[in-house]
Amino acid sequence: VVHNATYTTCDPGKIDWELRARTVVLHHDEAVGEAYNVSVRFKDVPILYFPYINFPLNDQRKTGFLPPILGYSNSIGLDIGVPFYWNIAPNRDATITPRLIGRRGLLAKGEFRYLSESSKGEIQAEFMPDDRVFGNARGTLAYQDITQLSRRWSTNIDANYVSDNLYLSELGGSLTTASTTQVERRVDLNYSGDYTSFLARAQGYQMLDPTRSSSARPYQRLPQLVFATATPA
């Protein structure tokens, strides 16, 4: 049992955010921890309160809230996200994150992952019904899937959509995402034989940089067909 406990991922001496709990009980035999009267503080100001939360003490997946995501910038103001992890099944899970962006509004973010004997994939979506600065609804959608149709045939899908050119730079949440100038949309059909292989591909891009000249933009492949063969050694 721990009283007046704190938790943060910030560097020592520069604590921007932290969790505070009046009491924490660690059940090592069940690999579960419980915290009572929990507050989330940003710059030592309480912004969220939970009377009770529980969390795993090992690497096993468990349904529940994850550590909050906090940030601030001049363009969006205070940015608060509270992820909720849902352990649906051993081969399926989801993370749902309500995100409150001070100057923009409320954004909903979701991630769903699945795994089976023949396929694995992930769906990510974000939606803001009303961006107060942008003046309209905004969002993104991404879908990745790899499926083994048979011993020799497989498919690979990578499809992405962004509602407008400025979404990733304004609401993306990372420098890598903010610098993205294009998103890919691709569907592959693959065949792998003993001495032959075949690829059928449809590929395009959504350009997010309107200033980029047409000559500097990537080629669309609608479709691309590749056949290769080799002579047995």
Side-chain angles (χ1 to χ4, degrees), residues 61 81 83-97 99 107-129 131 134 136-232:
R61 301 184 305 176
F84 179 80
Y85 177 77
W86 183 14
N87 186 23
I88 303 172
N91 63 331
R92 296 190 304 274
D93 64 7
T95 303
I96 303 168
T97 307
R99 183 178 166 194
L107 183 148
K109 179 179 180 180
E111 177 187 26
F112 173 71
R113 302 185 300 178
Y114 59 90
L115 177 67
S116 68
E117 293 182 358
S118 60
S119 65
K120 62 179 180 179
E122 180 177 341
I123 301 173
Q124 297 184 17
E126 297 182 7
F127 180 68
M128 176 176 281
D131 186 328
F134 186 75
N136 206 343
R138 316 174 76 181
T140 65
L141 180 64
Y143 173 54
Q144 288 84 38
D145 176 89
I146 299 175
T147 298
Q148 193 70 36
L149 301 175
S150 65
R151 188 171 68 91
R152 298 190 182 278
W153 290 92
S154 64
T155 59
N156 189 327
I157 301 174
D158 187 359
N160 302 275
Y161 166 79
V162 183
S163 62
D164 58 87
N165 295 338
L166 298 177
Y167 184 92
L168 296 181
S169 60
E170 293 182 350
L171 302 176
S174 69
L175 291 176
T176 302
T177 302
S179 61
T180 301
T181 59
Q182 63 198 33
V183 293
E184 184 184 21
R185 298 167 180 173
R186 175 177 50 81
V187 178
D188 292 350
L189 175 64
N190 297 281
Y191 171 81
S192 179
D194 293 333
Y195 305 110
T196 60
S197 63
F198 172 74
L199 167 67
R201 169 176 292 170
Q203 183 182 36
Y205 297 88
Q206 179 185 357
M207 302 304 300
L208 304 180
D209 184 3
T211 64
R212 196 170 184 181
S213 64
S214 57
S215 61
R217 298 185 181 189
Y219 289 105
Q220 314 288 324
R221 294 185 173 102
L222 301 171
Q224 178 189 27
L225 302 176
V226 179
F227 176 81
T229 183
T231 304

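In what follows, residues are counted from 1 in the order of the sequence shown.
With values rounded to the nearest 0.5 angstrom, Q203 atom CD is found 9.0 Å from D158 atom CG. Within the model, atoms CG of N160 and CD of Q206 stand 9.0 Å from one another, a figure rounded to the nearest 0.5 Å. If you take CG on N165 and OG1 on T211, they are separated by 9.5 Å, rounding to the nearest 0.5 Å. Residue D93 holds its CG atom at 6.5 Å from CG of N87, rounded to the nearest 0.5 Å. Annotation: the span from E170 atom CD to R138 atom CZ amounts to 4.5 Å, rounded to 0.5 Å.
With sequence neighbours excluded, no residue forms a salt bridge (charged side-chain N to carboxylate O under 4.0 Å, His left out) with R185. Not a single ring pair (Phe, Tyr, Trp, His ring centres under 6.0 Å) links W86 to another residue, sequence neighbours left out. Y85 meets the ring pair (Phe, Tyr, Trp, His ring centres under 6.0 Å) test with no other residue; sequence neighbours excluded. Looking at residues two or more places apart in sequence or on another chain, you find no salt bridge (charged side-chain N to carboxylate O under 4.0 Å, His left out) involving R92. For F84, the ring pair (Phe, Tyr, Trp, His ring centres under 6.0 Å) partners at least two apart in sequence or on another chain are F65. Checked against salt bridge (charged side-chain N to carboxylate O under 4.0 Å, His left out), R221 has no partners two or more places apart in sequence or in another chain.
With a 6.0 Å radius and a threshold of 12 heavy atoms from other residues, nucleotides or ligands, Y219 has its OH atom at or below the threshold.
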Take D145 and T147 through the test side-chain hydrogen bond (donor to acceptor under 3.5 Å, both in side chains) and record every step on the way to the result.
-> CA-CA 6 Å; D145 176 89; T147 298; 2.6 Å; yes
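Taking the charged nitrogens against the carboxylate oxygens, R217 and D209 have no contact shorter than 4.0 Å, which rules out a salt bridge.
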